[in-house]
Engineer: 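Pasting a structure here, questions to come.
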2 protein chains.
Amino acid sequence: MTSPSAVVDTRWLTEPEQRAWRAFLRGSRLLEVALDRALAPLGTQLSEYEVISMLSEAPSQRLRMSALADLVVQSRSRITHTAARLEKRGWVVREAYLDDRRGVELVLTDAGRAALEDIAIRHVESVREALIDNLEPAEFLALGHAMQKVRDALAEEGQATDAFGI
Amino acid sequence: MTSPSAVVDTRWLTEPEQRAWRAFLRGSRLLEVALDRALAPLGTQLSEYEVISMLSEAPSQRLRMSALADLVVQSRSRITHTAARLEKRGWVVREAYLDDRRGVELVLTDAGRAALEDIAIRHVESVREALIDNLEPAEFLALGHAMQKVRDALAEEGQATDAFGI
DNA sequence: CAGCAATAGTTGATCGTCCAACTATTGAGC
DNA sequence: GCTCAATAGTTGGACGATCAACTATTGCTG
């Protein structure tokens, strides 16, 4: 299974790296749980909120499925299912995209806009409580800056199939 | 729905905060996807690796279910299901915990130890590729430090029921 | 030490995500 | 302009995570 050299060649994490990595992994897990739980009473999920939030900022409150998928980091198939749920709730409607007849646009409805207002408030509160208020302002901005670098690096590769991969 | 004052009182995110938050959210999503995909060919998942990895570091390669759950940030019920999968694979066995007869210990098997070696190598590689190599060393350590603060803040509240919450 | 609340862990139903396979349309190469 | 590859999106089945309900055991309080 393991080639002898592989074990040796591996650049194992140093102690401080190990600690940093675990703090990141567990911290971000706890964070996502906290944010999702904040929205649960409103009948939504963070990933759903992200979708309607992106729609609300787009010109004419509409975006193509694929653009949306890339923005919120969901696979094509996942965004289809997410959209179906939002549509059933009346927050969103699908519309044919005329310039490219393969395309579909997702459009925020008035009901969706209304729901978004409440959800956004709760969401921002929870982001402050769980994340921002626990850090120095500069620390938080540095965090964002670092993660933007990671995002840029990973975004390129992920330009592919249904499920991001190859 | 929305009380008028709530909209006003909300401390909305500033532009830089908004950017930082989105970078964090999307970046960490991409990261988790990348790490999970790295382990997929080995027939595991990141969350499963975390479990056997914690076991391997524990004295006698064993830990109680609840200790494990807290360590890797999984709900009680989720850790039960995860353990069941690992057990079916022969990587782990359940043992009664005598001091407290409600308790169960999860014990890493030799097969589990062997599997872990391969998986750890691949995991570390992917963490470097996807995260560490994209950041300055100091930047990465600062990231870890910040997330540790978040983790500490969120860990307290999360001392509860099956599903973390109240 | 009786009674009851709290803790440890499990179970199964439900729901969300992932993946592979599929249709429809567009674009490129010859 | 025909063929074939690439892209957009959907579908359904398999799998993992969540949640509420449950059993068993322990610990607290009077």
Side-chain angles (χ1 to χ4, degrees), chain A residues 29 32-37 39-41 43-51 63-89 92-106 158-166, chain B residues 29 32-37 39-41 43-51 63-89 92-106 158-166:
Chain A
R29 290 262 169 81
E32 281 232 27
V33 170
L35 299 183
D36 255 329
R37 297 188 77 78
L39 297 189
T44 337
Q45 242 180 322
L46 181 54
S47 60
E48 292 170 347
Y49 165 70
E50 291 185 68
V51 169
L63 281 172
R64 290 192 57 175
M65 298 293 278
S66 50
L68 211 36
D70 291 343
L71 274 173
V72 304
V73 188
Q74 295 192 15
S75 69
R76 301 301 168 94
S77 133
R78 183 175 170 184
I79 201 81
T80 296
H81 289 299
T82 306
R85 255 176 291 139
L86 294 174
E87 197 169 25
K88 189 146 45 173
R89 237 172 269 165
V92 120
V93 282
R94 260 174 248 255
E95 279 187 19
Y97 182 66
L98 301 178
D99 288 10
D100 178 345
R101 284 170 30 224
R102 293 168 301 182
V104 171
E105 278 188 325
L106 211 59
Q159 298 296 24
T161 325
D162 201 23
F164 299 114
I166 269 181
Chain B
R29 290 261 168 82
E32 281 232 29
V33 170
L35 299 182
D36 256 328
R37 298 187 76 79
L39 298 188
T44 339
Q45 241 181 323
L46 182 54
S47 60
E48 292 170 347
Y49 165 70
E50 292 185 68
V51 170
L63 280 172
R64 289 192 57 177
M65 298 294 278
S66 50
L68 212 35
D70 292 342
L71 273 172
V72 303
V73 189
Q74 296 192 13
S75 70
R76 302 301 169 91
S77 136
R78 182 174 170 185
I79 202 81
T80 296
H81 289 300
T82 306
R85 255 176 291 140
L86 294 174
E87 196 169 24
K88 189 147 45 175
R89 235 172 272 165
V92 120
V93 283
R94 260 175 248 253
E95 280 187 19
Y97 181 67
L98 302 178
D99 287 11
D100 179 344
R101 284 170 30 223
R102 293 169 300 184
V104 170
E105 278 188 327
L106 211 58
Q159 298 294 22
T161 326
D162 202 22
F164 299 113
I166 267 182

Engineer: Rounded to the Å, how far apart are A:Asp99 CG and D:dA8 P?
Structural biologist: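 My rounded result for the distance is 14 Å.
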
Engineer: With the side chain of B:Met65 defined as its heavy atoms from C-beta on, choose the nearest nucleotide among C:dC18, C:dG9, C:dT17.
Structural biologist: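 For the B:Met65 side chain, the nearest candidate turns out to be C:dG9.
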
Engineer: Can you tell me the distance, in whole Å, between the CZ atom of A:Arg76 and the C1' atom of C:dA24?
Structural biologist: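 The distance from CZ of A:Arg76 to C1' of C:dA24 comes to 15 Å, rounded to the nearest Å.
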
Engineer: If you pin A:Ala40 and A:Gly103 to their nearest nucleotides in DNA chain D, which one's is more 5'?
Structural biologist: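 So the residue in question is A:Gly103.
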
Engineer: Taking only side-chain nitrogens and oxygens of B:Gln45, does any of them come within less than 4.0 Å of OP1 or OP2 of D:dA17?
Structural biologist: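 So the side chain of B:Gln45 is within the cut-off, an N or O lying under 4.0 Å from OP1 or OP2 of D:dA17.
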
Engineer: At what distance, to the nearest 0.5 angstrom, does CZ of A:Arg64 lie from CZ of A:Arg102?
Structural biologist: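 Reported to 0.5 Å precision, the distance equals 7.5 Å.
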
Engineer: Between A:Ser77 and D:dG12, is there a contact of a side-chain N or O with OP1 or OP2 at under 4.0 Å?
Structural biologist: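 No, outside the criterion.
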
Engineer: With the side chain counted from C-beta on, respond yes when B:Asp36 and B:Gln45 share a heavy-atom pair under 4.5 Å apart, and no when they do not.
Structural biologist: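 The answer is yes, as the side chains (C-beta and beyond) meet within the 4.5 Å cut-off.
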
Engineer: I need the CG-P distance between B:Asp70 and C:dG9, as an integer number of Å.
Structural biologist: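 Going from CG in B:Asp70 over to P in C:dG9 covers 10 Å.
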
Engineer: Is A:Arg94 near enough to D:dT10 that one of its side-chain N or O atoms lies under 4.0 angstrom from OP1 or OP2?
Structural biologist: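 Checking A:Arg94 against D:dT10: at least one side-chain N or O falls below 4.0 Å of OP1 or OP2.
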
Engineer: By nearest heavy atom, map A:Arg101 and B:His81 onto DNA chain C; which one lands nearer the 5' end?
Structural biologist: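 So the residue in question is B:His81.
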
Engineer: Any base atoms under 4.0 Å from A:Ser66, or only sugar-phosphate, or nothing? Heavy atoms, all strands.
Structural biologist: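 Result for A:Ser66 = sugar-phosphate.
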
Engineer: Hey, does the side chain of A:Arg102 come within less than 4.0 Å of C:dA24's phosphate (OP1/OP2), counting only N and O?
Structural biologist: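 Negative; the distance criterion is not met.
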
Engineer: As a test of reading the structure: which of D:dA17, D:dA8, D:dT10 is closest to the side chain of A:Asp100, going by heavy atoms?
Structural biologist: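 Closest nucleotide to the A:Asp100 side chain: D:dA8.
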
Engineer: Considering only D:dG9, C:dC19, C:dA8, which nucleotide approaches the side chain of B:Arg37 most closely?
Structural biologist: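 Side chain of B:Arg37 sits closest to C:dC19.
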
Engineer: To the nearest angstrom, how far is B:Glu95 atom CD from C:dG9 atom P?
Structural biologist: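 Roughly 14 Å, once rounded to whole Å.
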
Engineer: So, do B:Glu48 and B:Arg89 sit near enough that their side-chain heavy atoms are less than 4.5 Å apart?
Structural biologist: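 Heavy-atom side-chain distance check passes, below 4.5 Å.
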
Engineer: Over how many whole Å does the gap from A:Asp36 atom CG to C:dG16 atom C1' extend?
Structural biologist: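 Atom CG in A:Asp36 sits about 11 Å away from atom C1' in C:dG16.
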
Engineer: Nearest whole Å is fine: how far is C:dT10 P from B:Arg85 CZ?
Structural biologist: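 My rounded result for the distance is 14 Å.
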
Engineer: Keeping the roles fixed (side chain from A:Glu87, backbone from A:Arg94), state whether a donor-acceptor pair exists under 3.5 Å.
Structural biologist: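 At least one qualifying donor-acceptor pair exists.
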
Engineer: Nearest 0.5 Å, what's the OG1-CG distance between A:Thr82 and A:Leu68?
Structural biologist: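 A:Thr82 OG1 to A:Leu68 CG: 9.0 Å, rounded to 0.5 Å.
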
Engineer: Given atom CG of A:Leu68 and atom C1' of D:dT7, what is their separation to the nearest angstrom?
Structural biologist: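 Value for this atom pair: 17 Å.
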
Engineer: What integer distance in Å separates B:Arg64:CZ from C:dT10:C1'?
Structural biologist: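 Checked: the CZ to C1' distance equals 15 Å.
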
